[in-house]
Each structure stands twice: as C-alpha cells, then as structure tokens.
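This report concerns only the one structure given below.
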Amino acid sequence: LAKTTQPISMDSYEGQEVNITCSHNNIATNDYITWYQQFPSQGPRFIIQGYKTKVTNEVASLFIPADRKSSTLSLPRVSLSDTAVYYCLVGDPLDKYIFGTGTRLKVLA
Amino acid sequence: EAQVTQNPRYLITVTGKKLTVTCSQNMNHEYMSWYRQDPGLGLRQIYYSMNVEVTDKGDVPEGYKVSRKEKRNFPLILESPSPNQTSLYFCASSLSPRQGRDGYTFGSGTRLTVV
C-alpha cells in the first residue's frame, strides 16, 4: 500500500515560509503526487499536483526528488488563514490511494 | 459551477434505521469514492466506483453499501446504522482513479450521528 508519512503538526508565524515533507515509499511509477488542504468540517481541497521536479502555482510550490519517494509542499509567506490540515496523496502500483493523518499547520500572529 | 453535492449536511438517527446519504457530481467524472473521517484517524476509504455499475470495497466497507446506476450519482447506504458509524463522511470524484489533473473534488461533508 502507498503509505504516506508526514509530521503530525507544525507551528509557524505569519509571513514565514513553511515546508511540509511527505514520504511515500511505494508510489506508482506513473502517478501524480497531490497535496490537499482541509479546514475544519470541510472537504479537502486540491492545492497542487506534480509528477517530478518542481511545480509552482499561485498558492504553493511542490518539490519532488528524482526517486519520487518523497515530496515537499512549500507555502510562501503564510497567513493566519493557512491554518489547516495538509495531506499528501499518492497511489500505489495497485491503484490504491490512502490518505495519511496529515499535517496540522498552525499559523501564529 | 463544478461541484460534488452531498445531502444531508447533518443527520441524527437511531440505531438500526436505514439511511442513505446522496452524492452527485456535475463534472462527468468516472471515478467516485466515499470516505469517513474520524479524529486521529484521517480519511479512510469506504467504497469506490470506477464507473457505472463498477464498485469496489475500500479499507473500511463493513456496514455500508453503495450503488452506481448513473455516472453522476453515488449514494452511500447504511442498512442498519450503529453508533460506531458516527462520523464525518465525504464523497469525492475525479476524472480517473489516478487522481488525474486537479486531483479529487470533495463534497462538503455529511456529519452523521447514530444514537
């Protein structure tokens, strides 16, 4: 199974850059790595997706090393509204997708 | 607007009384899935469907049923709910199981309490 491992929680101050790393040791060779953001009592929301190297969009960057066994979500200059739980999701060679417990990010003023 | 719609948002029911949580998507997605979320356990997959009339068990299917008679709808059925099914439920859809471009789209959730 494509088990993902992330830090349980992180604290940061407003304006800082936050990096959250996810390890995924059994990722399918041809699948994306996707990160989601979830606020309390809401469904997860797509943030960014990549296959290899680096991807950047208007809210985040995603760094993926060549072996694709990990990925790092980078949130530049976080604000209080970025306080949420962040999940990485990958599929294994059998098309199984398992959400980990995610990383609870708390942004402090 | 592209979305996944779940109903109801909140539901309190009694043990043993059959209930259905509806899920509908308007994006012509082939893949749909149900998750439950409990404190400390993250999101766990209940059932998923690759396409019409094709469904399969996820990691925690016991006590649940699903059907996929139409592409847009994927209802979750609890034939005889029990208190351990009290949870927050999410429906999700995507173009394909492999997340595809833009990943999964999730509904707003259904908070179910079984007393």
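All chains are named by letter (A, B, ...) in the order of the sequence lines, taking the proteins before the strands, and each is independently numbered beginning at 1. This structure is a prediction, so every number in the text was calculated from the model and none was measured.
Residues B:Leu112 and B:Val60 fall within the same hydrophobic cluster, defined by Ile, Leu, Val, Met, Phe, Trp and Tyr side chains chained together at heavy-atom separations under 4.5 Å. Hydrophobic clustering of Ile, Leu, Val, Met, Phe, Trp and Tyr side chains at less than 4.5 Å, counting indirect connections, unites A:Leu73 with A:Val59.
For the pair B:Tyr104 (side chain) and A:Pro44 (backbone), a donor-acceptor distance under 3.5 Å is absent.
Using a 4.5 Å cut-off between heavy atoms, B:Arg111 touches chain A through its side chain atoms alone. Using a 4.5 Å cut-off between heavy atoms, B:Leu43 touches chain A through backbone and side chain atoms alike. Contacts between B:Gln37 and chain A at a heavy-atom distance below 4.5 Å involve the side chain alone, from C-beta outward.
Atom CZ of A:Arg104 is surrounded by 12 or fewer heavy atoms from other residues, nucleotides or ligands within 6.0 Å. Heavy atoms from other residues, nucleotides or ligands lying under 6.0 Å from NZ of B:Lys71 number more than 12.
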